Novice: 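Quick one: this structure, given as structure tokens, is what I'll be asking you about.
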Amino acid sequence: MQPNRGNMIPTFDDWRSVPAEWKGGVVALGNFDGVHRGHQALLAQAAERAAALDVPMVALTFEPHPRRFFVPDTGPFRLTLPAAKTRLLAEYGVPAVLAQRFDAAFAALTADAFIADVLLKGLGVRHLVCGYDFTFGARRSGNVEQLHAEGQAKGFGVTVLDPVMREGEIYSSTRIREALRAGWVSEAAGLLGHGWEIEGSVELGDQRGRTIGFPTANVALGEHLRPRFGVYAVRALVDGKWRDAVANLGKRPTFGKLQENFEVHLLDFTGDLYGKVLRVELIDFIRPEMKFAGLDQLKAQIAADGAAARTLLADRPATNHR
């Protein structure tokens, strides 16, 4: 399924707030973290069914991710934060999103209540589409077999998507996370069907890069998964234009830092980026994080990294960026 480069779409945060015009249609169910090729196949099925029935389509997902709710001290693992996920869902054909607020009350809903209250009463579901491993309800007690049974009893259709595979491997958010943690950016992009991005606001750092001739934008990492520490060739969206850049992700061991930083140096660019929100697409891994003996060695390596990024990006023409 190809991106339609859609605009912003209606987004709701509770099943009780969904307007009437978005009820009575097809519901695509899932967390959709990354909106990868498996998710895209599911969305295509839902869109096809909605068109056949001539009814609206809504993607039902959950925020925060249930894993964050149940294991609050887990490390950052998200492939897409809410704004990016909604944008991708729109680009892959979703006209409206219910990003259901996943709190204690929602987590306590039984599987029966999820079907009766959320799907039927809240959304008036006519047909739903989900993956083969979708579970729901308190203690994940509901499964696709229950959806099939309830659909037959209550009069709504159910399509369960079999695993979407590539050369015997299932497209999954878990596999994409593994690829990124290994620094395999191209592998992750192939599984996603689009480039992987870190999106965050530019925060005030210690401005050390400016003093050595390589000013950087310190982009907030937030809940994003941490890929392999090191230097990457990247492209960054600045004021509507994608620009070549080189980025360092890590703890800057040369300066004895402990905090994780994502620092982006835009090539051939001057301007103030503080307060802006940057989308940074990782294109290729250049080298792992290193500790240098002094500033001169660091500056020489940064210059070499910039040259490497230019070469890599020149060989990778800009894609049809969203």
Side-chain angles (χ1 to χ4, degrees), residues 1-66 69 78-103 105-106 109 113-131 134 136 142 144 147 150-151 154-161 164 173 192-194 197 199 277 279 322:
M1 186 175 184
Q2 294 300 313
N4 64 18
R5 313 303 177 195
N7 296 318
M8 293 303 294
I9 56 175
T11 304
F12 316 103
D13 67 358
D14 188 85
W15 57 270
R16 287 159 290 207
S17 66
V18 176
E21 61 263 32
W22 293 108
K23 297 181 180 181
V26 174
V27 177
L29 285 168
N31 284 314
F32 300 117
D33 191 21
V35 196
H36 57 63
R37 290 186 186 275
H39 297 143
Q40 293 161 33
L42 190 155
L43 297 173
Q45 287 270 349
E48 182 179 316
R49 178 59 59 178
L53 295 172
D54 192 24
V55 294
M57 169 187 168
V58 174
L60 170 53
T61 184
F62 309 97
E63 291 293 344
H65 193 292
F69 176 83
R78 294 284 296 265
L79 294 173
T80 43
L81 302 193
K85 182 165 73 171
T86 299
R87 181 173 61 244
L88 283 165
L89 287 170
E91 291 169 358
Y92 286 107
V94 174
V97 174
L98 169 54
Q100 174 61 46
R101 184 169 55 253
F102 200 92
D103 54 17
F106 189 81
L109 283 178
F114 176 79
I115 294 172
D117 294 343
V118 179
L119 296 180
L120 291 172
K121 180 181 178 182
L123 295 173
V125 63
R126 177 107 172 252
H127 194 98
L128 64 84
V129 183
C130 65
F134 183 74
F136 58 95
V144 296
L147 288 174
E150 288 294 299
K154 303 290 173 56
F156 61 89
V158 178
T159 297
V160 176
L161 205 69
V164 181
S173 299
L192 284 164
H194 49 257
E197 300 177 9
E199 179 175 354
V277 174
R279 288 170 55 189
R322 303 170 298 278

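We number each residue from 1, following the sequence as shown. Quick caveat, the model's predicted, so the values are computed rather than measured.
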Novice: Test: salt bridge (charged side-chain N to carboxylate O under 4.0 Å, His left out). Region: residues 41-54. Which pairs qualify, not counting sequence neighbours?
Specialist: none
Novice: State, to 0.1 Å, how close T11 and A99 come at their nearest heavy-atom pair, and which atoms those are.
Specialist: CG2-CB, 4.4 Å
Novice: Which heavy atom in A41 sits nearest to a heavy atom in V164, and how many Å separate them?
Specialist: CB-CG2, 3.8 Å
Novice: Side chains of V125 and L120, heavy atoms from C-beta outward: is any pair under 4.5 Å?
Specialist: yes
Novice: Considering non-hydrogen atoms only, spot the tightest contact between G151 and V158 and give its length.
Specialist: CA-CG2, 4.5 Å
Novice: Tell me whether the rings of F134 and F114 are parallel (<30°), tilted (30 to 60°) or perpendicular (>60°).
Specialist: tilted
Novice: Holding to side chain to side chain donor-acceptor pair (under 3.5 Å), I want the full list of residues that pass it with K121, two or more places apart in sequence or in another chain.
Specialist: none
Novice: side-chain contact (heavy atoms from CB on, under 4.5 Å) for L60 and V118? Distances and angles first, verdict last.
Specialist: CA-CA 10 Å; L60 170 53; V118 179; 4.2 Å; yes
Novice: How far does CG of L109 sit from CD1 of I115, to the nearest 0.5 angstrom?
Specialist: 11.5 Å
Novice: Answer yes or no: is there a side-chain heavy-atom contact under 4.5 Å between V35 and L43?
Specialist: yes
Novice: Specify the closest pair of heavy atoms between L53 and H127, including all atoms of both residues, with the distance to one decimal.
Specialist: CD1-CB, 4.1 Å
Novice: Should the ring pair F106 and F102 be called parallel, tilted or perpendicular, given that the plane angle runs from 0 to 90° and is split at 30 and 60?
Specialist: perpendicular
Novice: Could you tell me if T80 and D33 have a donor-acceptor pair between their side chains, going purely by distance under 3.5 Å?
Specialist: yes
Novice: Please table the atom pairs, donor to acceptor, closer than 3.5 Å between any side-chain atom in residues 12-19 and protein atoms at least two apart or in another chain.
Specialist:
unit_1	atom_1	unit_2	atom_2	d
D13	OD2	R101	NH1	3.2
D14	OD1	R16	NH2	3.0
D14	OD1	Q100	NE2	3.3
D14	OD2	R16	N	2.9
D14	OD2	R16	NE	2.8
S17	OG	D14	O	2.8

Novice: Would a 4.5 Å heavy-atom cut-off, applied to side chains only, mark L147 and F136 as touching?
Specialist: yes
Novice: Hey, does the side chain of K85 reach the backbone of L79 with a donor-acceptor pair shorter than 3.5 angstrom?
Specialist: no
Novice: Using 0.5 Å steps for rounding, measure from the CZ atom of R78 to the CG atom of N31.
Specialist: 8.0 Å
Novice: Mind checking the CD1-CG spacing from I9 to L89? Nearest 0.5 Å is all I need.
Specialist: 6.5 Å
Novice: Could you tell me which non-hydrogen atom of M57 sits nearest to which non-hydrogen atom of A50, and how far apart they are?
Specialist: CB-CB, 3.9 Å
Novice: Rounded at 0.5 Å granularity, tell me how far CH2 in W22 sits from CG in L123.
Specialist: 12.0 Å
Novice: Any heavy-atom pair between the side chains of T61 and V97 that's under 4.5 Å?
Specialist: yes
Novice: Check L42 against C130 and note the closest heavy-atom contact, atom names and distance.
Specialist: CD1-C, 3.6 Å
Novice: Determine whether E199 and R87 make a side-chain contact, defined as any pair of heavy atoms from C-beta on separated by less than 4.5 Å.
Specialist: yes
